[in-house]
Amino acid sequence: MDRFQEAANELQHKLIPYQKNVTLAPFTSFKIGGVNPLFLQPENEEQIHESINILSKFGIDYKILGGGTNLLVSDHPDDFAIIRLSGKFREFQQIGDSSFFVGTAALTTPTFRKISLMGFTGSEFLSTIPGYVGGAVIQNAGCYGGELFNLIDYVEFIRDGGEIRRQRKDISFGYRMTEFLQKKDSIITGIALTLQPGDNLKIQNSLNEKREKRNASQPENKRSAGSVFKNPSLSDHSGHPLKSWKLIEDAGLRGFSKGGAIISPEHCNFIVNFRNATATDVDYLICLIQEKVFHFSGIKLTREVEYFGRIP
Ligand SMILES: Cc1cc2nc3c(=O)[nH]c(=O)nc-3n(C[C@H](O)[C@H](O)[C@H](O)COP(=O)(O)OP(=O)(O)OC[C@H]3O[C@@H](n4cnc5c(N)ncnc54)[C@H](O)[C@@H]3O)c2cc1C
């Protein structure tokens, strides 16, 4: 019996929801990813602890999957298990006059749209970001001048078998970066945040304006993982911040394709899976962009999209 089957037997015994041999492509916005041997869906903290104990007993590495909207998953993700939070972690609740506790398996867009429509302002930008709240926390997701960590009071997470609550002031974070992303040693389970009561009409207008802005600037409903590269923290000769899409365009790569993947003609910092692309196709374009942009501008672009498993 292989170690994944042995682990599965114990998961079954402990009544922890899991599936074997799951194709990961449907769980990612790229729609790329091969078959994974063990996909766990713990529904509460106790099940998370038990899952980790069982996996470590059989020497199985694991990765946390949220909405899969910032990931390039291997075509052969067969040497690790997936943990995807479910159950109570999908919920959010109001815990004070204008504060909320949000589970990290809640979907970011509908959750923050609902909270905004309850008459609270400050989180409207989040209603345009796909994926789960956990993925948004780990990389301090943001857009249109807003960043999730500016709203957070505290984060709850599991690390080294302990359940920890840490105030924002004690967490290091920055542009698309947190200590959780750097260390990869925690499972984020929830966040508390405080918003401001606002005017319903203004909130509705703000939601509409941000949605329209996004529709106008990004390839809509296409298979991508959003911006592939972070913007460099540098300015051009006129003092304007440099944008990765512009550097990619200037390197002559707009619309360049490999296999089923293409550098989006609409937004050069997006790679789109237009026809059965593999992780290897996308990786080829990512490496090409890094090489050409460096050649033309001397700038090393840093990936925002994360790799899951061996690629190529
Ligand atoms: C069309 C499109 C537009 C986008 N626009 C934006 C944007 O404007 N701004 C922006 O910041 N991002 C944007 N993104 C990227 C992405 O949507 C965000 O980064 C999102 O917050 C990722 O969440 P996720 O649940 O999909 O994470 P995943 O892709 O599933 O995972 C990302 C990382 O988070 C880790 N992770 C996930 N959940 C947990 C958890 N509970 N505990 C510990 N680790 C966890 C994973 O292990 C992985 O390392 C966009 C993506 C797309 C496809």
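Only heavy atoms go into these numbers, but all of them, side chains included; no hydrogens, no water, no symmetry mates. Order of listing sets the numbers, starting from 1, for every ligand and every atom in it.
Taking the six-membered ring where tryptophan is involved, the planes of Phe80 and Phe308 are perpendicular, since the angle between them exceeds 60° and thus also 30°. Ring pair Phe101/Tyr154 is tilted by interplanar angle, where 30° to 60° counts as tilted. Using the six-membered ring where Trp is involved, Phe157 and Phe180 have ring planes that are perpendicular, over 60° apart on the 30 and 60° scheme.
There is a side-chain donor-acceptor pair under 3.5 Å between Ser186 and Arg159.
Contacts between Phe308 and ligand 1 below 4.0 angstrom, taking non-hydrogen atoms only, involve the side chain exclusively. Contacts between Ala105 and ligand 1, counted as non-hydrogen atom pairs separated by less than 4.0 Å, are absent for every part of the residue. The side chain of Ile129, and not its backbone, has at least one atom closer than 4.0 Å to an atom of ligand 1 (non-hydrogen atoms only; side chain from C-beta on). Looking at Pro130 against ligand 1, both its backbone and its side chain come within 4.0 Å, counting heavy atoms. Contacts between Ile138 and ligand 1, counted as non-hydrogen atom pairs separated by less than 4.0 Å, involve the side chain only. With a heavy-atom cut-off of 4.0 Å, Ala136 touches ligand 1 through backbone and side chain alike.
Per-residue contacts place Tyr132 under 4.0 angstrom from the following atoms of ligand 1 (heavy atoms of the residue considered): 23 (O), 24 (P), 25 (O). The atoms of ligand 1 that sit less than 4.0 Å from any heavy atom of Cys143 are 8 (O). In summary, the atoms of ligand 1 found under 4.0 Å from a heavy atom of Gly131, numbered by their order in the structure, are 24 (P), 25 (O), 26 (O). The ligand atoms of ligand 1 that sit less than 4.0 angstrom from a heavy atom of Gly66 are 25 (O), 30 (O), 37 (C). Under a 4.0 Å criterion applied to the non-hydrogen atoms of Lys184, ligand 1 contributes the atoms 49 (O).
For the pair Ile52 and Ile187, the minimum side-chain heavy-atom distance is below 4.5 Å. Inter-residue side-chain proximity for Ile129 and Arg214 is flagged as met; some heavy-atom pair is nearer than 4.5 Å. Side-chain atoms of Leu151 and Phe125, non-hydrogen and from C-beta on, do get closer than 4.5 Å to each other.
Counting heavy atoms only, Gly135 comes closest to atom 38 (N) of ligand 1 of the residues Gly146, Gly190, Gly135, Ala141. The closest heavy-atom contact to atom 33 (C) of ligand 1, among the options Glu306, Lys210, Arg176, comes from Glu306. Within the set Ser227, Ser186, Gly226, Ser224, the minimum heavy-atom distance to atom 43 (C) of ligand 1 is found for Ser186.
Exactly one residue among Lys184, Lys63, Arg176 makes a salt bridge (Lys or Arg N to Asp or Glu O under 4.0 Å) with Glu306. That residue is Lys184.
Note: the hydrophobic cluster containing Phe89 does not contain Val102 (ILVMFWY, side chain heavy atoms under 4.5 Å, direct or indirect links). There is no path of hydrophobic side-chain contacts, each under 4.5 Å, that joins Leu148 to Ile95.
The aromatic ring centres of Phe39 and Phe27 sit less than 6.0 Å apart.
Both the sub-6.0 Å distance and the 45° axial angle are not jointly satisfied by Arg3 relative to the ring of Phe58.
The shortest N or O to N or O distance between Ala225 and ligand 1 is not under 3.5 Å. In terms of polar-atom proximity, defined here as any N/O pair under 3.5 Å, Ser29 makes no such contact with ligand 1. In terms of polar-atom proximity, defined here as any N/O pair under 3.5 Å, Leu85 makes no such contact with ligand 1.
Closest protein heavy atom to atom 24 (P) of ligand 1: Gly67 N, 3.5 Å. Atom 10 (C) of ligand 1 has its closest protein heavy atom at Gly142 O, 3.6 Å. Protein heavy atom nearest atom 22 (C) of ligand 1, with residue, atom name and distance: Thr69 OG1, 3.4 Å. Ranking protein heavy atoms by distance to atom 47 (O) of ligand 1, first place goes to Ile64 O, 2.5 Å. Of the protein's non-hydrogen atoms, the one nearest atom 12 (N) of ligand 1 is Gln139 NE2, 3.6 Å. Protein heavy atom in closest approach to atom 29 (O) of ligand 1: Asn70 N, 2.8 Å. The protein heavy-atom contact nearest to atom 41 (N) of ligand 1 is Ile188 O, 3.0 Å. The protein heavy-atom contact nearest to atom 8 (O) of ligand 1 is Arg214 NH2, 2.7 Å.
Comment: Arg254 engages Glu249 in a salt bridge, judged by a side-chain N to carboxylate O separation of less than 4.0 angstrom. Asp79 has a carboxylate O that lies under 4.0 Å from a charged side-chain N of Arg310, or vice versa, which qualifies the two as a salt bridge.
Gly119 and Ile203 make their closest contact through C-CD1, 3.6 Å (heavy atoms, listed as atom of the first residue, atom of the second, distance).
For atom 14 (N) of ligand 1, no protein non-hydrogen atom is found at a distance below 4.0 Å.
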